[in-house]
Undergrad: 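Got a structure for you, written out below as structure tokens; questions coming shortly.
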Amino acid sequence: MRKKLLSALLCTAMVSTLLTGCGDDGSTSTSTGTGTGNDSETGSTRDTSSSTPSASGGKVYYLNFKPEQAEDWEALAKAYTDETGVEVKVVTAASNTYEQTLKSEMAKSDAPTMFQVNGPVGLATWNDYCYDLKDSDVYSQVKSDDFVLKDGDAVKGIAYVIETYGIIYNKSLLQKYCEMDGAKIKDVSEINGFAKLKEVADDIQAKKADLGVDGAFTSAGMDSSSDWRFKTHLANLPIYYEYQADGIGSTEAIKGTYLDQYKQMWDLYITDATCDAKLLGSKTGDEASAEFSTGKAVFYQNGTWEYDNISANLADEDLGMLPIYIGAEGEENQGLCTGSENYWCVNSKASEADIQATLDFMNWCITSDTGRDSIANTMGFVTPFKSFDDGYTASNPLIQASNEYIDAGKTAVSWNFSTIPSEEWKNEVGNALLEYAQGTGEWDAVKTAFVDGWAEQYQATH
């Protein structure tokens with residue numbers, strides 16, 4: 001039933017672009033429907049403010065997690081204000097600063113009325129600030145409780161975007177490889193585990209000149225615009241398989257059962273790549289995207305949100321996505337990684353008028369034609385809401401790839417990185433990964449950061 005639900009969910013929204021809070025332009029912007037906006041060209045703040053509140057006196061302050069959607073939310077806030085007269089302020093935190101920004105803003109008298117947590121760990125921190133959404137109109141639109149965060153019977157957070165990631169591949173380049181003498185496969189369907197993926201990647205790397213590429217994989221950049229792909233998204237795989245083996249959904253002390261598999265996948269990324277591993281410290285997310293979209297690499301770990309960036313140079317029929325295989329037993333039955341780390345919450349400490357204004361704004365975003373068009377077509381989100389079923393169908397080929405795995409009976413990999421105890425844990429793992437890649441550190445340091453660091457950070461945050 002959950003497979004059918006997920007497949008149906010991913011098919012319900014028309015997606016022309018899919019972006020994520022994991023990558024950004026490094027800027028912070030502020031906007032209100034009747035307030036301030038960020039100038040995308042200069043980075044300066046422009047003042048278009050009016051102090052006129054809504055008729056009820058309620059107003060909305062949304063602290064947005066996704067920098068690449070900053071302008072989209074500003075436009076939507078303005079549209080709502082123009083339609084209703086209700087003031088909506090949007091502040092967007094820069095990459096990797098959301099928690100810090102949230103803490104700072106919550107300490108102010110004019111705190112956010114609408115904010116985000118990334119999952120159970122985020123909820124544990126902000127639970128006392130999360131209004132119970134159980135009786136809200138927005139919750140009535142959610143297709144399943146799989147997409148909400150609960151504390152007992154109370155609904156404390158609602159996911160508003162469902163995303164998928166894996167190994168995006170260039171179909172034309174891979175087919176060209178398959179037609180070469182001595183190719184390890186004749187069709188992509190033969191890649192159903194790590195062993196075959198490595199065999200193919202190694203061979204592509206050896207034949208890169210003949211194939212016309214710089215490497216099998218794009219650069220595994222460890223700049224802050226890219227490192228989340230490996231210290232968080234790739235790290236999800238060993239966490240997922242350990243949780244599956246132990247029958248748990250979270251832990252205060254990770255064992256690192258699948259760290260050898262994590263290592264061999266990381267080794268593949270940094271060896272069969274477009275650049276020397278010693279250069280990874282300065283390689284950015286934009287560089288990896290450009291390498292893939294210009295045909296310099298066959299494989300690229302990223303997600304459905306990256307479609308808009310790579311589709312500028314690649315046709316839909318050239319885009320496919322493979323699961324991230326790490327060598328775990330039974331991974332031939334594995335699908336893509338699908339889930340959310342973006343849960344809307346309403347500030348329970350806000351005034352009654354502001355809470356109601358915020359609930360009204362959230363509901364308008366997911367039920368009005370203006371809101372749904374912006375979320376589905378401009379922001380490019382797949383959502384878990386029933387209100388998007390009417391007339392919204394997915395056109396993104398990367399989402400279609402996810403559906404194909406689900407329809408084939410493959411098990412989608414859940415997003416367990418939302419249980420990672422802290423951002424500091426990710427940073428320490430990322431630092432150790434980079435030092436290992438550059439040859440200035442040993443893999444044992446990655447193990448230490450992964451296992452010992454988890455226990456330490458769990459204790460610190462609980």
Side-chain angles (χ1 to χ4, degrees), residues 20-24 26 65-67 93-103 116-126 163 165 220-243 249-256 258-259 261-263 265-266 269-270 280-285 288 301-303 305 324 326 337 339-343 413-438 441 443-462:
T20 186
C22 297
D24 76 293
F65 175 74
K66 290 175 169 289
S95 180
N96 296 323
T97 68
Y98 189 82
E99 193 70 11
Q100 174 186 343
T101 302
L102 181 58
K103 288 178 181 178
Q116 295 174 224
V117 297
N118 68 348
V121 172
L123 180 62
T125 301
W126 294 102
E163 297 170 313
Y165 69 92
M222 294 302 287
D223 171 86
S224 62
S225 64
S226 176
D227 64 349
W228 50 267
R229 294 190 291 139
F230 313 109
K231 69 183 185 182
T232 303
H233 284 188
L234 181 59
N236 183 67
L237 275 298
I239 297 170
Y240 167 79
Y241 276 108
E242 181 171 323
Y243 283 6
S250 64
T251 183
E252 62 185 52
I254 200 84
K255 294 185 295 187
Y258 291 89
L259 286 184
Q261 289 81 2
Y262 185 42
K263 177 181 182 297
M265 193 64 203
W266 179 239
Y269 281 168
I270 65 177
L280 295 181
S282 61
K283 286 291 183 179
T284 68
Q301 185 197 300
N302 218 314
W305 54 83
I324 300 175
I326 63 171
C337 302
S340 181
E341 60 171 346
N342 299 281
Y343 294 84
V413 173
S414 57
W415 285 22
N416 299 109
F417 54 77
S418 61
T419 66
I420 287 173
S422 71
E423 191 67 27
E424 180 62 23
W425 181 90
K426 298 177 188 178
N427 292 335
E428 291 301 319
V429 169
N431 291 337
L433 284 173
L434 177 58
E435 291 188 6
Y436 169 76
Q438 294 177 150
W443 184 255
D444 282 347
V446 178
K447 290 183 177 179
T448 298
F450 205 102
V451 177
D452 296 348
W454 186 292
E456 292 168 2
Q457 288 300 311
Y458 186 93
Q459 292 300 318
T461 56
H462 288 74

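Below, all heavy atoms of this structure are taken into account, side chains as well, without hydrogens, waters or symmetry copies.
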Undergrad: Considering all heavy atoms of both residues, which atom of Leu237 and which atom of Cys337 are nearest to each other, and what is their separation?
TA: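 Here Leu237 and Cys337 meet closest at CD2-SG, 3.9 Å.
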Undergrad: Just verifying a value: how many Å separate Gln116 CD and Tyr98 OH, rounded to the nearest 0.5 Å?
TA: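 Rounded to the nearest 0.5 Å, the CD-OH separation comes to 4.5 Å.
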Undergrad: I'd like to know if the side chain of Asn236 and the backbone of Phe417 have a donor-acceptor N/O pair within less than 3.5 Å.
TA: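 Such a contact is found between Asn236 side chain and Phe417 backbone.
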Undergrad: Stepwise, does the side-chain contact (heavy atoms from CB on, under 4.5 Å) test hold for Ile420 with Val121?
TA: CA-CA 7 Å; Ile420 287 173; Val121 172; 6.0 Å; no
Undergrad: What's the separation between atom CG in Asn342 and atom OG in Ser418, rounded to the nearest 0.5 Å?
TA: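 One gets 11.0 Å once the value is rounded to the nearest 0.5 Å.
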Undergrad: Can you check whether His233's main-chain N or O pairs, donor with acceptor, with Tyr165's side chain at less than 3.5 Å?
TA: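 A pair under 3.5 Å: yes.
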Undergrad: Less than 3.5 Å apart, which donor and acceptor atoms pair up between the side chains of residues 423-431 and the rest of the protein, not counting sequence neighbours?
TA:
{"unit_1": "Trp425", "atom_1": "NE1", "unit_2": "Ala449", "atom_2": "O", "d": "3.2"}
{"unit_1": "Trp425", "atom_1": "NE1", "unit_2": "Phe450", "atom_2": "O", "d": "3.0"}
{"unit_1": "Asn427", "atom_1": "OD1", "unit_2": "Lys231", "atom_2": "NZ", "d": "2.8"}
{"unit_1": "Asn427", "atom_1": "ND2", "unit_2": "Glu423", "atom_2": "O", "d": "3.4"}
{"unit_1": "Asn431", "atom_1": "ND2", "unit_2": "Asn427", "atom_2": "O", "d": "3.2"}

Undergrad: What residues, two or more places apart in sequence or in another chain, satisfy side-chain hydrogen bond (donor to acceptor under 3.5 Å, both in side chains) together with Tyr262?
TA: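 Tyr262 satisfies side-chain hydrogen bond (donor to acceptor under 3.5 Å, both in side chains) with no other residue.
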Undergrad: Locate the shortest heavy-atom distance separating Met222 from Trp266; write the atom from each residue and the value.
TA: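 Looks like SD-CH2, 3.7 Å.
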Undergrad: Side chains of Trp443 and Leu433, heavy atoms from C-beta outward: is any pair under 4.5 Å?
TA: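 Of all side-chain heavy-atom pairs linking Leu433 with Trp443, at least one is under 4.5 Å.
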Undergrad: For the residue pair Ala94 and Pro67, what are the closest heavy atoms and their distance?
TA: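 Scanning both residues, the minimum pair turns out to be C-CG, 4.4 Å.
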Undergrad: Listed by chain and number, what are the side-chain hydrogen bond (donor to acceptor under 3.5 Å, both in side chains) partners of Gln301, not counting sequence neighbours?
TA: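 So Gln301 forms a side-chain hydrogen bond (donor to acceptor under 3.5 Å, both in side chains) with Tyr269.
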Undergrad: With sequence neighbours excluded, tell me which residues meet side-chain hydrogen bond (donor to acceptor under 3.5 Å, both in side chains) with Lys255.
TA: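 Residues passing side-chain hydrogen bond (donor to acceptor under 3.5 Å, both in side chains) with Lys255: Asp246.
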Undergrad: With no hydrogens and no angle check, do the side chains of Trp126 and Glu99 hold a donor and an acceptor under 3.5 Å apart?
TA: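 Indeed, the side chains of Trp126 and Glu99 share at least one donor-acceptor pair under 3.5 Å.
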Undergrad: Would you say Tyr436 and Ile270 make side-chain contact, with heavy atoms under 4.5 Å?
TA: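 Yes, their side chains come closer than 4.5 Å.
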Undergrad: Rounded to the nearest 0.5 Å, what separation is found between the CG atom of Asn416 and the CD1 atom of Ile239?
TA: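 That separation rounds to 7.0 Å.
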Undergrad: Tell me, which pairs form a side chain to side chain donor-acceptor pair (under 3.5 Å) where one or both residues lie in residues 447-462, sequence neighbours left out?
TA: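 Residue pairs passing side chain to side chain donor-acceptor pair (under 3.5 Å), neighbours aside: Ser422-Gln457.
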Undergrad: What residues, two or more places apart in sequence or in another chain, satisfy side-chain contact (heavy atoms from CB on, under 4.5 Å) together with Thr284?
TA: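 For Thr284 the side-chain contact (heavy atoms from CB on, under 4.5 Å) partners, ignoring immediate neighbours, are Asp223, Ser225, Asp286, Glu287.
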Undergrad: Just by modelled atom types, is the Thr97 backbone N or O under 3.5 Å from a matching donor or acceptor in the Thr101 side chain?
TA: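 Side chain of Thr101 to backbone of Thr97: a pair is present.
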Undergrad: When you look at Tyr243 and Ser414, which way does the side chain to side chain donor-acceptor pair (under 3.5 Å) test go after all the steps?
TA: CA-CA 10 Å; Tyr243 283 6; Ser414 57; over 6 Å; no
Undergrad: At what distance, to the nearest 0.5 angstrom, does CG of Leu234 lie from CG of Asp227?
TA: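 It comes to 12.0 Å.
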Undergrad: Rounded to the nearest 0.5 Å, how far apart are CE of Met265 and CD1 of Ile324?
TA: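 These two atoms lie 6.5 Å from each other.
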Undergrad: Quick one: closest heavy-atom pair of Ser226 and Gly285, and the distance?
TA: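 The pair with the smallest heavy-atom distance is CB-N, 3.5 Å.
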